[in-house]
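Please read the structure below before turning to the comments.
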Amino acid sequence: MIGRARLSERYFARHANEVAVSLIGVVLLVNGVGGRIVETESYDPEDPASHSYLYRRTARNAVMFERPGLAYVYRSYGLHWCLNFVCRGGSAVLIRALEPVEALAAMQRRRATKDLRKLCAGPGRLCQALAVDGSLNGASLLAKPFALYRRHGDVEIVSGPRIGISKAREALRRFGEKDSPFLSRRFSPGAQAVGRQPLLRK
DNA sequence: CGATAGATCGGCT
DNA sequence: GCCGATCTATCGC
């Protein structure tokens, strides 16, 4: 089925910008259900769009300041759940879309659609498909019910502005697999190839 | 304490 | 394109 090499604790002990890029192509499973990560976004304490902006701690974001390798799950717009991977120094990666790979039937049932393109295309949708909710907030990504497998093979990665935010719109901190049909939204035709420019744009 | 905005989504116009 | 669902944090009175 899938490449067997698991991610290590050290993997997450880097800044979210770096982790967000390297996660593209990684397989994420929750209780054996999931697929390849094709879209991510990065956030950190110096970023006005981040829940951890200025290191301000609340009941909701406390997990962001605990340690790398934890799941930060929060409720969005009162209805949907969003899954983040906590990285170094209060930074985190929002998991925005998966290419469905494992246990398709379970995801189709939970999402009430058979359309593979709509199963995990968006942070709220993928949480519904993988049954991620607030009970997993603070859980380790290196233990059950999570499983993360390194990517195998090449992936062409592009970057662009993040989706659905009003602050720091110009930062190119959304990353994805170029032309994947499983993205929450396509990248613009001229999207910047990752690796040809500095990642950090404040 | 009330109002409002927000890392969203699905249904409708 | 707009709207409503309705949780969390913040800001204003």
Side-chain angles (χ1 to χ4, degrees), chain A residues 12 15-21 23-24 28 30 35 37-66 68 70-98 100 107-138 141 158-177 181-188 191 199-202:
Chain A
F12 299 99
H15 189 274
N17 280 326
E18 211 178 314
V19 177
V21 172
L23 278 171
I24 303 302
L28 162 67
V30 178
I37 296 171
V38 295
E39 183 182 342
T40 59
E41 285 179 359
S42 72
Y43 293 86
D44 72 50
E46 294 174 13
D47 168 17
S50 175
H51 290 173
S52 61
Y53 185 45
L54 300 180
Y55 297 90
R56 191 176 176 80
R57 204 180 168 122
T58 66
R60 179 177 68 167
N61 71 11
V63 169
M64 291 186 81
F65 300 105
E66 283 187 34
L70 301 184
Y72 167 45
V73 182
Y74 73 92
R75 208 191 269 281
S76 174
Y77 291 90
L79 292 176
H80 313 288
W81 296 100
C82 288
L83 171 65
N84 297 254
F85 293 174
V86 175
C87 301
R88 183 201 288 161
S91 69
V93 176
L94 172 67
I95 310 302
R96 285 196 57 91
L98 306 182
M107 293 190 279
Q108 288 167 324
R109 183 178 67 250
R110 289 165 177 166
R111 291 271 306 121
T113 178
K114 300 209 171 195
D115 186 347
L116 293 184
R117 293 191 183 211
K118 291 186 177 173
L119 280 191
C120 304
R125 289 167 172 176
L126 81 86
C127 282
Q128 187 178 26
L130 274 59
V132 169
D133 64 22
S135 68
L136 288 175
N137 187 40
L141 297 166
V158 292
S159 66
R162 292 172 292 184
I163 292 177
I165 55 166
S166 59
K167 299 165 198 156
R169 304 271 300 260
E170 71 290 348
L172 303 181
R173 297 182 69 169
R174 174 179 177 236
F175 306 98
E177 179 174 25
F182 303 100
L183 297 170
S184 67
R185 283 173 49 180
R186 307 197 67 82
F187 285 83
S188 62
L199 292 180
L200 269 173
R201 284 273 185 278
K202 278 197 181 167

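Basis for what follows: all heavy atoms, side chains included, without hydrogens, waters or symmetry-related copies. In what follows, chains carry the letters A, B, and so on, assigned in the order in which the sequence lines appear, proteins first and then strands, with residues in each chain numbered from 1.
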For atom CG of A:Leu126 and atom P of B:dG10, their distance in whole Å: 12 Å
Provide, to the nearest angstrom, the distance between the OH atom belonging to A:Tyr53 and the C1' atom belonging to B:dA7. 16 Å
Test item: side-chain donor near acceptor, A:Arg111 and A:Gln128, under 3.5 Å: yes
Which part of the nucleic acid does A:Arg169 contact within heavy-atom distance under 4.0 Å: base, sugar-phosphate only, or nothing? nothing
Can you check the A:Leu119 CG to B:dG10 P distance for me, whole Å? 11 Å
Paired with B:dA7 by Watson-Crick or G-U wobble geometry, both distances under 3.5 Å: which nucleotide is it? none
How close or far is atom P of B:dG6 from atom CG of A:Asp47, stated in whole angstroms? 14 Å
Ignoring backbone atoms, establish whether A:Arg174 has a side-chain N or O less than 4.0 Å from OP1 or OP2 of B:dA7. no
Can you check the A:Arg125 CZ to B:dC9 P distance for me, whole Å? 6 Å
Using a cut-off of strictly less than 4.0 Å, decide whether A:Ser166 has a side-chain nitrogen or oxygen near OP1 or OP2 of B:dA5. no
A:Phe187 side, atom CZ; A:Glu177 side, atom CD - distance, nearest 0.5 Å: 10.5 Å
With centres under 5.5 Å and planes under 30°, do A:Tyr74 and B:dA7 count as stacked? no
Summarise protein proximity over nucleotides 3-12 of chain C in one line of letters, 5' to 3': B for base, S for sugar-phosphate only, - for none, counting protein heavy atoms closer than 4.0 Å. --BBBSSS--
Mark yes or no for whether A:Glu41, through its side chain, and A:Ile163, through its backbone, hold a donor-acceptor pair below 3.5 Å. yes
Mind checking the CZ-NE2 spacing from A:Arg75 to A:His80? Nearest 0.5 Å is all I need. 10.0 Å
Spacing between A:Arg185 atom CZ and B:dT8 atom C1', to the nearest angstrom: 12 Å
Would you call the rings of A:Tyr55 and A:Phe65 parallel, tilted or perpendicular, taking 30° and 60° as the class edges? tilted
Between the side chains of A:Asp44 and A:Ser50, does any donor sit under 3.5 Å from an acceptor? no
Can you tell which of A:Ile37, A:Leu119, A:Val38 makes a side-chain contact (heavy atoms from CB on, under 4.5 Å) with A:Leu98? A:Ile37
In this structure, how many angstroms lie between the C1' atom of B:dA7 and the NE2 atom of A:His51, rounded? 6 Å
I'd like the P distance from C:dT6 over to B:dC1, given in whole Å. 22 Å
